[in-house]
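Scroll down for the structure; my scribbles are underneath it.
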Amino acid sequence: MTPIKLTVSALAVLAATTSLAAARDQIQITGSSTVLPYATIVAEAFGENFDFPTPVVEGGGSGAGRKKLCEGVGENTVDIANSSSRISQSDIDLCKKNGVEEILEVRIGYDGIVFASDVKGADFALTPADVYMALGGKVAKDGALVDNTSTKWTEVNAALPDQNILMFIPGTKHGTREVFDTKVIEAGCKDTGAYDLFLAKAEGADEKEKKAAAAKACNELRKDGKSVDIDGDYTETLARLDADKNAVGVFGLAFYQNNTDKLKVATVNGVVPSVETISKGEYPVSRPLYFYVKKAHIGVIPGLKEYIEFFVSDDMAGPEGPLADYGLVSDPELKATQDAVAAETPMGALE
């Protein structure tokens, strides 16, 4: 099976497109735009190296992909949902409601969330506190919560560029948004003292409910056009940055690495995002990447088991594999994932 053949189109990640399957002997994959480039490379390499049709890979967002996975069992439903955030209990409940009883959780590696602006623009050295003070709907000032009226980055932090605040962030259906909310917005909310003020005002039956209410309040972003949700994929964000070169966009590391001729990346807490800084745990905004498989389709959809095993093989997802060349940080526990896939072990209850 080695060496693996990779076509030119498989490596042209940004140019990769998908088409609807002509017949149901093709594996159907949907979901995360972050995982999409990796899945496209694997799918095309799979078609080159196995006697199965090339799987159909589509984007649309992590949440949307998981929802499609949970629509039911059968040839008119998808086999795999790519996801840049972990499946939720509500997803699992929907799956069970629609007869999807067993799901394989496959962690493929790690990725970083980066902040990037026009390649010829100013340098940004951000912290979660900076981002929260720029985008939070209410911010802490003199021990009280006030409406956020900052218009320039210098009002947030005098060391930042003297330009208008405008950030394009993933819409709520994207897994990237979930990580952005938790590791950037909520972290920044806590660092600035706003979280404690929200917590003091929070209502709830117990401390857990009050903390959840405070976190929700932190994630209420301003609605005056400074924070703009992007419901499409990263190419839409890139186009918006091209139209307004003073804006800052949120991307996955792999997308940025494939567009360094157009984008300049910001540091976060003084750390430059890279495969190395993520693998060492130095870059603060990183996350695991997954795909979820409908176990009932294994053995029914031709090549499904072979595709899953191929994806997590050392040849593809290992530190020397082609996915690493495009920004995937190899999982140090990849062997455990390989064993679970080989045994078709369904995921247990969420911790």
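A donor-acceptor pair under 3.5 Å is formed between the side chain of Lys264 and the backbone N or O of Gly121. Checked by atom type and distance alone, the side chain of His174 pairs as donor or acceptor with a backbone atom of Asp231 at under 3.5 Å. Proximity of a side-chain donor or acceptor of Ser150 to a complementary backbone N or O of Glu155 within less than 3.5 Å is not detected. Although no hydrogens or angles enter the test, the distance criterion places no donor-acceptor pair under 3.5 Å between the side chain of Asn269 and the main chain of Val271. In this structure, the side chain of Lys294 engages the main chain of Val78 through a donor-acceptor pair within 3.5 Å. Checking side-chain atoms of Glu309 against main-chain N and O of Val341 turns up no donor-acceptor pair under 3.5 Å. With hydrogens and angles ignored, the 3.5 Å screen pairs no side-chain donor or acceptor of Tyr110 with any backbone N or O of Ile278. Side-chain N or O atoms of Asn82 include none that pairs as donor or acceptor with a backbone N or O of Gly31 at under 3.5 Å.
When the shell of 6.0 Å around CD of Glu276 is examined, it contains 12 or fewer heavy atoms from other residues, nucleotides or ligands. Enclosure of atom NZ in Lys295 by more than 12 non-hydrogen atoms of other residues, nucleotides or ligands within 6.0 angstrom is indicated. Annotation: Lys211, atom NZ; neighbour count of heavy atoms from other residues, nucleotides and ligands within 6.0 Å does not exceed 12.
A 4.5 Å side-chain heavy-atom check between Tyr234 and Asn259 finds every atom pair outside the cut-off. You'll find the side chain of Asn246 stays beyond 4.5 Å of the side chain of Leu166, heavy atoms only. At a threshold of 4.5 Å between non-hydrogen side-chain atoms, the residues His297 and Thr77 count as touching. With contacts defined as side-chain heavy-atom distances shorter than 4.5 Å, the pair Lys245/Lys120 does not qualify. Looking at heavy atoms from C-beta onward, Gln26 lies out of side-chain contact with Asp79 at the 4.5 angstrom threshold. When side chains are defined from C-beta on, Val106 counts as touching Thr337, because their heavy atoms get closer than 4.5 Å.
Ring geometry for Phe52 versus Phe46: interplanar angle under 30°, hence parallel rather than tilted (30 to 60°). Phe251 and Phe255 have parallel rings, their planes meeting at less than 30° on a 0 to 90° scale where 60° marks the start of perpendicular. Ring geometry for Phe124 versus Trp153: interplanar angle over 60°, hence perpendicular rather than tilted (30 to 60°). Taking the six-membered ring where tryptophan is involved, the planes of Phe310 and Phe50 are perpendicular, since the angle between them exceeds 60° and thus also 30°.
Annotation for Val131 and Ile185: closest pair CG1-CD1, 4.1 Å, computed over non-hydrogen atoms. Taking every heavy atom of both residues into account, Ile103 and Ile87 meet most closely at CD1-CD1, 4.1 Å. Listed here is the closest heavy atom pair of Pro288 and Arg107: CB-CD, 3.8 Å. The heavy-atom pair separating Leu263 from Ala116 by the smallest distance is CB-CB, 4.1 Å. For the residue pair Ala247 and Ser117, the shortest heavy atom distance occurs at O-CB, 3.5 Å. Of all heavy-atom pairs spanning Met316 and Phe311, the tightest one is CB-O, 3.5 Å.
Taken to the nearest 0.5 Å, the CD1 atom of Ile80 stands 11.0 Å off from the OG1 atom of Thr30.
Salt bridge status for Glu220 with Lys138: absent, with no side-chain N to carboxylate O gap under 4.0 Å. Ion pairing between Arg240 and Asp244 fails under the 4.0 Å rule for side-chain N and carboxylate O. Of the charged side-chain nitrogens involved, none lies within less than 4.0 Å of a carboxylate oxygen, so that Asp91 and Lys67 do not count as a salt-bridged pair. Comment: Lys335 engages Asp339 in a salt bridge, judged by a side-chain N to carboxylate O separation of less than 4.0 angstrom. A salt bridge does not link Asp206 to Lys208: none of the charged nitrogens lies less than 4.0 Å from a carboxylate oxygen. Salt bridge status for Glu105 with Arg86: present, with a side-chain N to carboxylate O gap under 4.0 Å.
Looking at Asn76 and Glu71, their side chains never bring a donor and an acceptor atom within 3.5 Å of each other. Side-chain contact annotation: Asp315 with Ser313, donor-acceptor N/O pair under 3.5 Å absent. Side-chain contact, Thr34 with Arg287: a donor N or O sits under 3.5 Å from an acceptor N or O.
Following chains of ILVMFWY side-chain contacts shorter than 4.5 Å, one cannot reach Leu94 starting from Met347, and the two form parts of different hydrophobic clusters. Follow the hydrophobic side-chain contacts under 4.5 Å out from Tyr195 and you never reach Val156; the two are in separate clusters.
Tested against Arg177, the residues Asp229, Asn219, Thr172 include a single side chain to side chain donor-acceptor pair (under 3.5 Å) partner, Asp229. For the side-chain contact (heavy atoms from CB on, under 4.5 Å) criterion with Ile113, the lone passing option out of Val179, Ile169, Val184 is Val179.
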Practice task
Could you please spell out the steps behind the side-chain contact (heavy atoms from CB on, under 4.5 Å) verdict for Tyr307 and Val42?
Solution key: CA-CA 8 Å; Tyr307 169 82; Val42 176; 3.7 Å; yes
